[in-house]
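Below, chains carry the letters A, B, ... as their sequence lines are ordered, and counting in each starts from 1.
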Amino acid sequence: MAELTYRDAVAAGIAQEMERDERVVFLGEDVAAAGGVFKATVGLLEKFGPRRVRDCPISEQAILGATMGAAMTGLRPIAEIMFSDFLAVCWDIVANEIAKMRYMTNGQIQLPLVIRTANGAGSRFGAQHSQSVENWAMAVPGIKVVAPAFPADVKGLLAAAVRDPDPVLFFEQKSLYAMKGEVPDGECIDELGKANVLRSGKDCTIVALAAMVHRALGAAEILEKEHGISCTVVDVRSLVPLDTRTILSEVVKTGRLVTVEENPRLCGWGAEVASIVTEECFWDLDGPIVRITTPHVPLPSADQLEDNTIPSVERIVREIRQKID
Amino acid sequence: MAELTYRDAVAAGIAQEMERDERVVFLGEDVAAAGGVFKATVGLLEKFGPRRVRDCPISEQAILGATMGAAMTGLRPIAEIMFSDFLAVCWDIVANEIAKMRYMTNGQIQLPLVIRTANGAGSRFGAQHSQSVENWAMAVPGIKVVAPAFPADVKGLLAAAVRDPDPVLFFEQKSLYAMKGEVPDGECIDELGKANVLRSGKDCTIVALAAMVHRALGAAEILEKEHGISCTVVDVRSLVPLDTRTILSEVVKTGRLVTVEENPRLCGWGAEVASIVTEECFWDLDGPIVRITTPHVPLPSADQLEDNTIPSVERIVREIRQKID
Amino acid sequence: MDTTVKRKKTESPEIEIGRETRLELYRLQVELRYCEKRAYDLFLQNLVKGTSHLSLGQEAIAAAFGVAMRPDDWTFCTYRGHAHTLARGASMAGVLGELMGRECGLLGGKGGSMHLTDVTHGAMGSYAIIGAHLPVAAGAAWSAQYRGTEQVAVCFFGDGTTNIGAFHESLNFSAVWQLPVVFVCENNLYMEYTPIHAVTAVKNPAADRASAYGLESILIDGNDADAVYRTAVECMTRARKGGGPALIEAVTYRHSGHSRADPAKYRPDGELEKWLERDPVKIYRERLLHLGFTEGTLQDIEAEVTRKVDEATAIAKASPTPSLDGIERNVWADGGAAWRN
Amino acid sequence: MDTTVKRKKTESPEIEIGRETRLELYRLQVELRYCEKRAYDLFLQNLVKGTSHLSLGQEAIAAAFGVAMRPDDWTFCTYRGHAHTLARGASMAGVLGELMGRECGLLGGKGGSMHLTDVTHGAMGSYAIIGAHLPVAAGAAWSAQYRGTEQVAVCFFGDGTTNIGAFHESLNFSAVWQLPVVFVCENNLYMEYTPIHAVTAVKNPAADRASAYGLESILIDGNDADAVYRTAVECMTRARKGGGPALIEAVTYRHSGHSRADPAKYRPDGELEKWLERDPVKIYRERLLHLGFTEGTLQDIEAEVTRKVDEATAIAKASPTPSLDGIERNVWADGGAAWRN
Ligand SMILES: Cc1ncc(C[n+]2csc(CCOP(=O)(O)OP(=O)(O)O)c2C)c(N)n1
Ligand SMILES: Cc1ncc(C[n+]2csc(CCOP(=O)(O)OP(=O)(O)O)c2C)c(N)n1
Ligand SMILES: [Mg+2]
Ligand SMILES: [Mg+2]
């Protein structure tokens, strides 16, 4: 076990796969010579050379289109879209081309590719550089969606994404890049579509994703110690495929569900989870489902405004105390 | 009262507003000389001239960007995006620019604009020309989202959208363009954010949108006559703002909720409605919430495949019989 | 728009076109013509579902590239892609079957007319959203370059497509990376119903923009299969050798409306008639006679193609509608559509 | 990239620059320079939140346009927009306050450095996603044209922005509609950290592409405020009179890194030094002395600007953090954020 930051786990995951498989190539803006604006890909150019690690013009449609074309003809490309907000400028390639190609061609075309992108708030970057847009991707059939919360998951899930025969959108959480954690030595490979139960309780099941996992854990700690409310915390990790089995079985155990979402409220993944739970284990619920989300507003930039917009540990504690009891 | 088709109600709504207000202009691809590929804007060029009704190059980003720039400097433009699927090529302008501008500038910039687009399946056009993407828009704070099911609503809601000081994304349902209905004579102006209760029942509340409203009504008829199940049918009409008051009060009356969505399952508007209902009137529910949606797949094109993918009257009847009783 | 086509400076008259090749160019044009006509007849019989965009009048371009390409080269085309897909050798019954929504369709009825694809013949998809396939073709070219296979990606699109952002990004990207991709703009003078000159700042939407990507301006007569063939050979040869991308503007005209729904009333009087005189199939037939091929040889080709189209039609008509199981198949590589466990 | 700038053929030496205008050009450059330096000092004191992109070294462009524009003209700029916003007369305390996340900020702390906007002064927004504001500027120009007001929209962006799709769409659209919009590419030789020549198929990313939109190729020295001013006057005058859009490439250099986070280690040795010699403020100061303005006059201007910057800093520092109510304000025109009843 080595201790790595979340950002170093990205580079380690990519390096592991590039070493293993010559077909793996990596492209994006400022990713090669500069090692990425978040420094998550430092060293890859030096290790694998400019043939495999490539800087691109500011042309997101070309980047993802080229990624798609390369994937359908035998490569296994990894593309970086610098901020997930910028998926909007190439959304056609993601949502209409990559996601639909296999289905429309009845399986003739296979797209083993990964799109990595920095997602989420916390850096005071304002409304165009702070969004959590994993729900945009979840709404589109044909693309897998992953969002790790820990360095070990970053490396293992990234490797799994690269090896997966289907396109994967890999959301890295900006606010977690500096976070440290244990990462297994040697080859590290995880499985897509598995949620992790990080803590078991009896009063309430909190389901969270990415940065919100840490806040949910923080809140669960306080709820247990200070308020005698015992919570299960589930880290979803993968929105598509979604590990409904784990989620449903944990909800059934506590009878209550709280989702914690960094995205603005409407049509977030938590809504989908809530609708599955009320449809499939309605009779096991002991009370309303609670969704704790960012309010349905674009994100403000000033530090205090931003901090009071995305769900905080305090807000999670407060809402659970008010609504679950 | 005159009988108009849904498509003619579009032209009538635009004409009414252009006559009233010189600031209203209209632009899009093939909309002027050709009257639109769905013939929904026939006659406008002849009536208002090429200064106000303009054909554009295939440049959706330019079209919506120009719409935005015109709106912030005193015009009230209406733009057409030919198929809603193409919102993906200009999604940045919709989701990152138009939707966020007022908030980011703390109210300095106002964007009274309307984006009209043809949405939905039923024409055997395949996966890139048949999507229901209203949930993409609903997920983005800062843009209003309307989807009428009847010609009268088309005209009245379009007028309301044009007069609204905020940006509105107006989804016209392709499969309804040929539908006829009564439209009030004279000035016709409706209100955004109001759902309509089209039928009252006691066993179950069906909440539907656009084309699905007609199928829900058809199903309710059969359920009542043939199976003795009496259903309320609510036409949502406007996703943002959402008339939760009407929806919640109708759900409380029957104790059961079924949503009927044309969109693929994950993160559809029905998930949001379901999550609101379980959060806010959990104790009034007599059983699980049921979502009837298109399965989470891109749409196939062949007629029988398409017909068996989007929710049909028969499927709605079947699912309600199985799950509500 | 002035539709007279200057001879481009690189027309390579030195590229010899042999007699076999000439016959093949004719045969393929006839095949594309007859198959599109059959598609049109099938609409009239209400057997074609959804929309369709015919290449009637534009066959020389698809045919010439079809003949010039190596079997392992890749084609990327648009919703107006029947001809380009057939030209690579895709099954005609598969094409007609797909238009009719039958099980024998190239895509099992899941894609329809706008998405014809036959990977085994290098037809890497038909794309229905303007501009999207240009970067995809660039990506395929990148993969050929990376693997050193000397394959070329050929990407067809219309004049209207030159005004969308993806065009610009793809051209610059391909030029900077020196990718083996040939972009072919079929300038048929119209986007859907709007004349291209009404919405474009330059006269020749592709040729006048080549310099913005450091590329040579190539403007050719898209109704002359030989001119297209020579240009295709020249550009593909250069691309294979590492000489980078090319952007070709081939001027042509579609004889029918934009799509099935379009009676094409927006065309000025006489325009169609003028272009019918320059019908590529007619021109090429005359040229072959002039070059000494016999009427009998050409009639044999025509008869053979008619038989082929009839056979394909019969197969497609006999094919059942697709099984409903297909709806939840092939979202994922495991063959299924599951988004949950 | 060769950074020597040819004099463009339309440099209009006939446009006279009066002495008052020259002083104003100097004053404004100094103001932009000092304010950016202050912003930098405030980072170092950890008082600036989030990111910031300085225009140090690029002031001549924003200043010259600021002086040349009519009060009712519109500016559209990028995340690197402090200078362009200030140059229109926006409150300096409002700018610094916004960087610091204070209530007195132009946007009440809701937008931050990357979104500075002051509609009352025609600063119609700073846009942080590459390319997005080009069509928005075109739309403003359309509205001016429609209403016959002779206003002009000026749109600033970087060299890297010329490779994104929205650039292409906007230029073509504006040219076809003959809109009164002036596109100004500030070519500072780099996108974020990547040299522009490494990712661009032509030498001059904007000037070499003007012809693709039927526009004149305009390449100027962006560090020479007079050259920029003359070009601005000429292009805006033509646009006001219905002569359509212009695309200007102004070559310049940023003295600091791309953003606050960037130490700019990727620059070759000596490059910065070379450009510091061509510092626009320094050049212009020397020119004014050469033209007979006294050292005293210039020092007075500098002292006055220093006072202004100090005052603005004091106001911003004294301003409280924004009220949390703002979070749910101004999503909609009714002032609120309600998405339901
Ligand atoms: C992004 C996008 N915008 C609009 C359309 C609708 N559309 C389909 S074909 C077409 C015209 C295309 O013209 P051109 O590129 O000249 O090709 P042609 O049809 O003439 O072969 C348009 C506007 C689309 N499919 N995608
Ligand atoms: C669509 C998009 N892609 C990438 C970025 C990240 N990004 C911000 S600034 C920048 C470089 C822009 O370079 P240039 O246009 O030359 O402007 P400069 O910063 O040099 O003024 C990049 C890539 C972005 N903001 N938007
Ligand atoms: Mg065309
Ligand atoms: Mg730059």
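- Using a 4.5 Å heavy-atom threshold, the side chains of A/Asp30 and D/Met191 count as touching.
- Atom CZ of A/Arg265 sits about 7.5 Å away from atom CZ of D/Arg340, to the nearest 0.5 Å.
- Between A/His296 and D/Trp339, the shortest heavy-atom contact is CB-CD1, 3.5 Å.
- At least one side-chain heavy atom of D/Glu192 sits less than 4.5 Å from a side-chain heavy atom of A/Met82.
- Heavy atoms only, all atoms of each residue included: D/Ile327 and A/Leu305 are closest at CD1-O, 3.5 Å.
- Annotation for A/Arg321: atom CZ does not count as buried by contact number, only 12 or fewer foreign heavy atoms lying within 6.0 Å.
- Two residues are said to be in side-chain contact when any heavy atoms from C-beta on lie closer than 4.5 Å; D/Val331 and A/Pro298 meet this criterion.
- With a 4.5 angstrom heavy-atom cutoff, D/Thr162 does not touch chain A via any of its atoms.
- The parts of A/Thr309 that come within reach of chain D are both its backbone and its side chain, each placing non-hydrogen atoms under 4.5 angstrom from that chain.
- For A/Leu266, the part sitting under 4.5 Å from any heavy atom of chain D is the side chain, from C-beta outward, and nothing else.
- In this structure, D/Asp325 CG and A/Asn308 CG are separated by 11.0 Å, a value rounded to the nearest 0.5 Å.
- Chain D forms the most heavy-atom pairs under 4.5 Å with one residue out of A/Cys56, A/Gly126, A/Ala127, A/Ser123, and that residue is A/Cys56.
- Residues D/His115 and A/Gln128 are in side-chain contact: their nearest non-hydrogen atoms beyond the backbone lie under 4.5 Å apart.
- When heavy atoms are compared at a cutoff of 4.5 Å, A/Val37 approaches chain D by way of both its backbone and its side chain.
- In this structure, the portions of D/Tyr193 lying under 4.5 Å from any heavy atom of chain A include both its backbone and its side chain.
- Taking D/Gly131, D/Gly112, D/Ala128 one by one and counting their heavy-atom pairs under 4.5 Å with chain A, the maximum is reached by D/Ala128.
- A distance-only check finds no donor-acceptor pair linking the side chain of A/Asp55 to the backbone of D/Val199 [under 3.5 Å].
- Contact annotation for residues 163-170 of chain D against chain A (heavy-atom separation below 4.5 Å, listed by residue number): D/Asn163, D/Ile164.
- For D/Tyr266, the OH atom counts as densely surrounded, since its 6.0 Å shell holds more than 12 non-hydrogen atoms of other residues, nucleotides or ligands.
- Put simply, of D/Ala338, D/Ala337, D/Gly160, the one with the most heavy-atom pairs under 4.5 Å next to chain A is D/Gly160.
- Between A/Ser301 and D/Lys110, every side-chain heavy-atom pair lies at or beyond the 4.5 Å cut-off.
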